[in-house]
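Each remark here refers to the structure printed beneath this line.
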Protein chains: 2
Amino acid sequence: MAGWTDLDEPVLASATALAAELADPIRLTTLQLLAAEGPHTMSRLVAALEVSAPRLGNHLARLRAAGLVDVEHAGRHAIYRIARPGLADVLAALSRYAGDALPTARPGREVTPDDIAHTCYDHAAGRLGVALLGHLVERGALTAPDGRGEELRLGPDAEALVALGVDPGEVDASRRKPATACLDRIHRLPHLGGALGARVLDRLVEQGLLVREEGTRVLVVTAAGWRDLPRMVPGFSPRA
Amino acid sequence: MAGWTDLDEPVLASATALAAELADPIRLTTLQLLAAEGPHTMSRLVAALEVSAPRLGNHLARLRAAGLVDVEHAGRHAIYRIARPGLADVLAALSRYAGDALPTARPGREVTPDDIAHTCYDHAAGRLGVALLGHLVERGALTAPDGRGEELRLGPDAEALVALGVDPGEVDASRRKPATACLDRIHRLPHLGGALGARVLDRLVEQGLLVREEGTRVLVVTAAGWRDLPRMVPGFSPRA
DNA sequence: GACATCGTTCAGGCAACTTTGAACGGTGGT
DNA sequence: ACCACCGTTCAAAGTTGCCTGAACGATGTC
């Protein structure tokens, strides 16, 4: 009978192999980008990650062999995508633990206003942006992307959006996508972007919950914001 | 400005470091055992994992350095426990993906009756046992263990237990713990053990939903079981 | 058809990790 | 005080994984 740590145990072998794939910064970031923002061509990944093509290519070959990504060839472009939607759950759990463990691991480290909320182009990123997306998906106002090509879409139940002061009908979707998931650079989790993300940020500023800091990208949470936002966006808590 | 894959990014560095710790069968199994069943002494771990003491010791030193486990010395024994309860979420996500990905990765592999349900001493293990524990915890009939010493306990809302045909008052807790989390050897997720686990299994057999196969530890799900169990235990689905 | 672009593969050299065996302090029992 | 046991550390050896640079096939453009 195989022991607890015997690699003949299929699930154990599969789990350690998966963890090994996630244990490299290039591979992990690649998977996070694909899971949050959908399929990318290899050249887009090379540009985004700022690494050499062979270097990324070697990692992509590993990810392919491990069955974590699929490739589709379109002309001379190779389009990579997450193989199984469930991977997003693993990536999210990993990032959440990593983010939560940081203050403990580095006692000197404090939570900065930048961590909490800052602008990413015209929408909110940081813990607020991440919590926003999670909240709206959970409440059915948005349908989650699967990282395979199925994009973030408006969901059946717009009530959570209305509660934030946004009328889904007024979102200008003519010139840009209504909603996109955008990988947060700090927390490594997807946050809400697109026309809807911009509209939500505008409304929160109008309501006096956030103030754009001049000259920086920091979004300062006002006293009213600390009072109301945790209730409006469950998952966005002061927590130290 | 640091790039996407730069290890100066704190969360990325933390996440890859965590994944590297999980990428070894001994370390991963150790963490799974501690998270599911609570603190263990090193000698208990050595016996359970069937590895040499120095070999395990080196891995435990790594886990300590990574801040994933805490040690407490009691006499000549070293008691190890999970450092942060949140780790259980990461381990669960990893095991779930690894289990789900298996049929895809190995086309020849089929789901066996053993995977679905078998006995572990006197209670149910396999997918059914795992789903049972998850369901009862989610419904508030049990409080989740945190892997640090806080054990599985009866929770405030016993309704989910009653729905399974079990009267919480009738569980004999005098001679053994009422409920324990027990690491499932196949799926690498905690399942329901203890007096309560035994009582639940007895009731499911009495109701004709399961049949103990003679001479083996397999629990056969009857036609009635396939009809009723997915409704009684959300999370326990036929799925292929 | 010539050329640039895109993606992939390969071999070398370098760094990191894992295992093993032996040795070492600390604790409890006799 | 002696001994058995528990846990930990260390160095050497073998293995594995990663990056670099060059090369190659395939595609689309001029």
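We use all heavy atoms of the structure for the numbers below, so side chains are in, but hydrogens, waters and symmetry mates are not. Order of the sequence lines sets the chain letters (A, B, ...), proteins ahead of strands, with each chain counted from 1.
- Not a single donor-acceptor pair under 3.5 Å links the side chain of B:Arg188 to the backbone N or O of B:Leu28.
- Between the side chain of B:Thr29 and the backbone N or O of B:Ile26, no donor-acceptor pair lies under 3.5 Å.
- Between A:Arg44 atom CZ and C:dG7 atom P there is a gap of 12 Å when expressed in whole angstrom units.
- Note on residues 16-45 of chain A: pairs passing salt bridge (Lys or Arg N to Asp or Glu O under 4.0 Å), not counting sequence neighbours, are A:Glu21-A:Arg27, A:Glu21-A:Arg62.
- Taking atom CG of B:Leu56 as the reference point, atom C1' of C:dT18 lies 14 Å away to the nearest angstrom.
- A donor-acceptor contact shorter than 3.5 Å links the side chain of A:Ser95 to the backbone of A:Leu91.
- A donor-acceptor pair is defined here as one N or O able to donate and one able to accept, closer than 3.5 Å; no such pair exists between the side chain of B:Arg199 and the backbone of B:Pro178.
- Look at CG on A:Leu45: it is 10 Å from P on C:dT8, rounded to the nearest Å.
- Applying the ring pair (Phe, Tyr, Trp, His ring centres under 6.0 Å) test to A:Tyr97 and every residue at least two apart in sequence or in another chain returns nothing.
- Judged by distance alone, the side chain of A:Asp114 and the main-chain N or O of A:Val218 form no donor-acceptor pair under 3.5 Å.
- Contacts with DNA chain C (heavy atom under 4.0 Å) in residues 18-42 of chain B: B:Arg27, listed by number.
- Distance CG/B:Leu183 to CG/B:Leu31: 11.0 Å, rounded to 0.5 Å.
- Summarising the local packing, CD of A:Glu213 is surrounded by more than 12 heavy atoms from other residues, nucleotides or ligands at distances under 6.0 Å.
- Near DNA chain D, meaning a heavy atom under 4.0 Å from it, residues 57-81 of chain A has A:Asn58, A:His59, A:Arg62, A:Gly75, A:Arg76 in order of number.
- Scanning DNA chain D 5' to 3' for nucleotides with an atom closer than 4.0 angstrom to a non-hydrogen atom of chain B gives a first and last hit of D:dA4 to D:dC10.
- Applying the ring pair (Phe, Tyr, Trp, His ring centres under 6.0 Å) test to pairs two or more places apart or on separate chains, those with a residue in residues 119-138 of chain A are A:His123-A:His191.
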